[in-house]
Amino acid sequence: MSAMRRLTTAAVVAALCATVSTLVVQGDARAADPLYKDPSQPVEVRMNDLLGRMSLTEKLGQMTQAERKFISTAGMRDLRIGSVMAGGGEGPAPQSPQVWADLYDSFQRAALETPLGIPMMFGIDAVHGASHVRGATIFPHNVGLGATRDPGLVERIGRVTATEVAATGIDWTYSPCVCVARDDHWGRVYESFGETPENPSAMTSLITGLQGPSLNSSTSILATAKHYVGDGGTTGGDDQGNTAVSEAELRAVHLPPFRAAVQRNVASVMVSYSSWNGAKMHGHRYLLMDVLKGELGFQGFVTTDWDGIEKVDGQFGFTPEDVRTAVNAGIDSFMITEQYANFIGLLRAEVDAGRVPMSRIDDANRRILRKKFELGLFERPFADRGTSSTVGSREHRAIAREAVQKSQVVLKNSGALPLPQAPGKLFVAGKSADNIGLQSGGWTMTWQGGDGPITPGTTVLQGIRNTVAPGTTVTYNRNGDGIDASYRAAIAVIGEKPYAEYEGDREDDLRLDAEDRAVLARLKAAGLPVVTVILSGRPLDITAELPDLSALIAGWLPGTEGQGVADVLFGAVRPTGTLPVSWARNVGQQPINAGDGKSALFPYGFGLTYAPVIPLPDPPQPDSRWNARDTIRAEYFTGQQGTQLEQCTDAGCGKAVGYVSPGDHIDFDSVDFGGTSPNAVTLRIASGASSGNVEFRLDSPTGPVVATAPVSPTGGWESWVDLTVPVAGATGKHRLYLMFTGPGGDFVNVNWVRFA
Ligand code: GLC
């Protein structure tokens, strides 16, 4: 169907709907509920009825999105804000499903208090699982999923991700990035499924998984194809830079994944910060209005990137010109972290002056409201807390483990792989071997990602230990200290530290960092076979070290299920991963891409394999988030009843759990007490009034008591003391409950507990 005929048809349908809704309204003018609140009506009818009732204030509010830290619920209500987001996936401690659902519901209640009661939407960067939630299943980043070349698997990953995100109430993810990464200097290579349009187009199957068979389901969320268009093709891989290519190349390389996303009915498209031949995408009417909405027939809504309208003229802040240009270019929803009131004021002035037509405002509102109706938000506005038990479930982690297995690319194998499972001595080294933060990369718990046990999971080292035969000695030393000829082989797990966006742009030689090079040299000196796994967001220059490696695996950024790496190392599965990006010999080859005639160290599509030799090990127990003998900070509780967090006043104590009265509790989902019970527990507490007990119980609020701490006033709510009481019978891994009991009234603030 030609674009013109399609537009005419759409216009006729819209007119018919408007007529029908007018007739129905006249016919049912006496109905108690307005038409738009009637779920039995077609979406188009409900949407046109609602639009007809909205003031300009309400229409401008629907087009505005604020960052959750910078808006109050009152502000939401008064400005009629249409959606909220949490930058970098960062939320209130401990970022449990419960805390997120509470946050979502608090903003939703405010939205429903507005005269028309239009529910809000909440956006998050759930870009490799519900990566904003502690305890969630974290999948390999997109570059690893590209290596699987398994769109069906990626669709299943979308389904699991949507289920775990929806458990937090959130209904919209800024994912998938369908960027085509052309230059490895770029800090977002790992967010790309590959360097040609082939994988990014095929892996739009993630959208189908995220949005489900129908958006009107408590486990479906909106997907966002980003960043439109050409973000991965900037000169030098400069994030937010300039993509200097012909229109033919832009259409051949960077546009196809968006065409595929639109064909999968993607709900939203996020505009790129970058420019095309010097013209900012956030003001590009031809590419947004004529190509995306016209030629591709995109029916969803276009959102800016974070404060993206500031990028229209490249200067900080935004002017009336920036606002007018971006809205008239076809952008519908505006992510304005703090200056949302200013944006609304400027846009109102542009509309009043006739420089932004009402038809553009109405089109933007239709596109946004249509998704709110399709999501079923008018009927089910609040978080569905019944699904929180699926977050990080064994079933979900099994799918992530499969994805890790299929994403591993064996680049070299001189016979060392698969590693023998038979008893012997194995040495493991490298900074990335035992570190959930490093194996997960950016966009995990925080924007830039983190270091260490940032969320429950299985490190590569734990996966190795879980796989070797009984009687095998597995020694780990980050630097390789202690290695000698008594070991059968050495496994080096090295790579990059987490980063996101421009923080990951590299101007250097893309080689391994000094620490990793030193580890490899140390292992080489021991004269053992060295198997190396690189956990990185992009190919690194390994050319100098390659001759000394017995085997080399590109592990990418696997996420929480490091067992999948061990499965490949020991041949529990056949390795099937193939390179989604060319692996350069040296940085001088950048940009290097399939078909450009350059001779890569390992070309696009390369990957070795071998037959499986052992059965798949049982799933590992996700590590306990806490070792009882570490300091367990009360603010990071997994669950709570009746308490509130508050900032401590004295140095370094962070937040404490306060407003604690009898009957309240806090709990921690997985605490490892070890094989022998601690004999004491110390609590750091303060009490300004009353008195009571803190009972330490295992596994449930009525489980066995292993300690009881009697609390009496310490001289004030910030007069902190360390109270130590005896412990008995606490061994192994348990959910730990702190049950607060006593005669009545708030009686204690808790900063941390530590067993000894
Ligand atoms: C960031 C990123 C984008 C992300 C958005 C919201 O700047 O460019 O990918 O979705 O802001 O966090």
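Both counts, for ligands and for their atoms, begin at 1 and track the order of listing.
Within the structure, salt bridge (charged side-chain N to carboxylate O under 4.0 Å, His left out) pairs that include any residue of residues 211-237 comprise D125-K226 (at least two apart or interchain). Each salt bridge (charged side-chain N to carboxylate O under 4.0 Å, His left out) pair with one or both residues in residues 277-286, not counting sequence neighbours, would appear here, but there are none.
Ring geometry for H284 versus W276: interplanar angle of 30 to 60°, hence tilted.
For W172 and F301, the ring centers sit closer than 6.0 Å to each other.
When the ring pair (Phe, Tyr, Trp, His ring centres under 6.0 Å) test is applied to Y273, no partner is found at least two apart in sequence or on another chain.
Counted by atom type alone, T137 and E164 present one or more donor-acceptor pairs between their side chains at under 3.5 Å.
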Short N or O separations between ligand 1 and the protein, below 3.5 Å:
unit_1: ligand 1; atom_1: 7 (O); unit_2: Y273; atom_2: OH; d: 3.1
unit_1: ligand 1; atom_1: 7 (O); unit_2: D305; atom_2: OD1; d: 3.3
unit_1: ligand 1; atom_1: 7 (O); unit_2: E501; atom_2: OE1; d: 3.1
unit_1: ligand 1; atom_1: 7 (O); unit_2: E501; atom_2: OE2; d: 3.2
unit_1: ligand 1; atom_1: 8 (O); unit_2: R188; atom_2: NH1; d: 2.9
unit_1: ligand 1; atom_1: 8 (O); unit_2: D305; atom_2: OD1; d: 3.3
unit_1: ligand 1; atom_1: 8 (O); unit_2: D305; atom_2: OD2; d: 2.6
unit_1: ligand 1; atom_1: 8 (O); unit_2: E501; atom_2: OE1; d: 3.3
unit_1: ligand 1; atom_1: 9 (O); unit_2: R188; atom_2: NH2; d: 2.8
unit_1: ligand 1; atom_1: 9 (O); unit_2: K226; atom_2: NZ; d: 2.9
unit_1: ligand 1; atom_1: 9 (O); unit_2: H227; atom_2: NE2; d: 2.7
unit_1: ligand 1; atom_1: 10 (O); unit_2: D125; atom_2: OD1; d: 2.5
unit_1: ligand 1; atom_1: 10 (O); unit_2: K226; atom_2: NZ; d: 3.1
unit_1: ligand 1; atom_1: 11 (O); unit_2: D305; atom_2: OD1; d: 2.9
unit_1: ligand 1; atom_1: 12 (O); unit_2: D125; atom_2: OD2; d: 2.6

